[in-house]
Amino acid sequence: MDWFRIWIIIAILGFAVEAFTTQLVSIWFAISALINLFLSTMNVGVKWQLIQFIITGIILMLIFRPIAKRMQPKSHPMNAADGIIGKTGIVLSDRRVKVDGQSWKYSSVESLNVGDQVKVLALDGVTLTVQKIK
């Protein structure tokens, strides 16, 4: 296999990995591999191609990764507490409540009966603190 094909494969793999991870690391080496596509057509030695690949990839990553990271929208990943607090559910048994289609352990300061409608006040580990909806 010639180096031209190897650089094509590395570039494709770099872009594919970046598409699935979005960590802004492999894309710079994919770009470096694209540069090497041109170097391989100009009969530049393999040693110099490898040196270019490593140095250019690192330089691109060090310069452009922080810029690209700043430009990415700041998303706040939702955790279970963010999504479940304030939701309503129904008591399934003396220890389980169903909220958003999932069964949870619950605690409550008041006595609850099967079928009671409840509102989620807090999440502690895997136990919901609920209050009966009047």
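From a predicted model like this one, the values you see are computed outputs, not experimental measurements. Heads up: numbering here begins at 1 and tracks the sequence.
- Between S40 and Q49, some side-chain heavy-atom pair lies under the 4.5 Å cut-off.
- In terms of heavy atoms, Y106 sits closest to D94 at OH-O, 3.4 Å.
- Side-chain heavy atoms closer than 4.5 Å link hydrophobic residues (I, L, V, M, F, W, Y) into clusters, and following such links, possibly through other members, connects I31 to I55.
- With a 4.5 Å cut-off on side-chain heavy atoms, L37 and T41 do not count as touching.
- Looking at every heavy atom in both residues, I84 comes nearest to V99 through CD1-CG1, 3.5 Å.
- Nearest heavy-atom pair, S32 versus G57, reported as atom, atom and distance to 0.1 Å: OG-N, 3.7 Å.
- For the pair W104/L123, a side-chain contact is recorded, criterion being any heavy-atom separation below 4.5 Å from C-beta on.
- Criterion: ILVMFWY side-chain heavy atoms under 4.5 Å apart, direct or through other members. Under it, I90 and L121 are not part of a common hydrophobic cluster.
- Within the 3.5 Å criterion, the main-chain N or O of K105 finds no donor-acceptor partner in the side chain of R95.
- Residues S103 and K98 form no side-chain contact, since every pair of their non-hydrogen atoms from C-beta on lies 4.5 Å or further apart.
- The main-chain N or O of F4 is found under 3.5 Å from a side-chain atom of D2 such that the two form a donor-acceptor pair.
- To the nearest 0.5 Å, the span separating CG on L34 from CD1 on I12 amounts to 9.0 Å.
- In the hydrophobic clustering of ILVMFWY residues, with side-chain heavy atoms under 4.5 Å counting as a link, L62 and F29 come out together.
- One distance of note links CD1 of I35 with CD of Q52; it measures 5.0 Å at 0.5 Å rounding.
- N36 contributes no side-chain N or O that, together with a main-chain N or O of W7, makes up a donor-acceptor pair within less than 3.5 Å.
- Scanning all heavy atoms of the two residues, the minimum distance from M61 to L24 falls at CG-O, 4.4 Å.
- Atom CG of D100 sits about 3.5 Å away from atom NZ of K87, to the nearest 0.5 Å.
- When hydrophobic clusters are built by joining Ile, Leu, Val, Met, Phe, Trp and Tyr residues whose side-chain heavy atoms come closer than 4.5 Å, directly or via intermediates, V109 is not grouped with L112.
- For the pair Q131 (side chain) and V118 (backbone), a donor-acceptor distance under 3.5 Å is absent.
- Considering all non-hydrogen atoms of both residues, S93 and V114 come closest at CA-CG2, 3.9 Å.
- Hydrophobic clustering (side-chain heavy atoms under 4.5 Å, transitive across Ile, Leu, Val, Met, Phe, Trp, Tyr) keeps V17 apart from I10.
- Around NZ of K47, the count of heavy atoms belonging to other residues, nucleotides or ligands within 6.0 Å does not exceed 12.
- Put simply, the side chain of N113 does not reach to within 4.5 Å of the side chain of V91, judged on heavy atoms.
- From L128, atom CG reaches atom CZ of R96 across 9.0 Å, with rounding to the nearest 0.5 Å.
- Closest approach of E18 to V25, counting heavy atoms only: OE1-N, 3.2 Å.
- Side-chain atoms of T56 never come within 3.5 Å of backbone atoms of F53 as a donor-acceptor pair (strictly under, hydrogens ignored).
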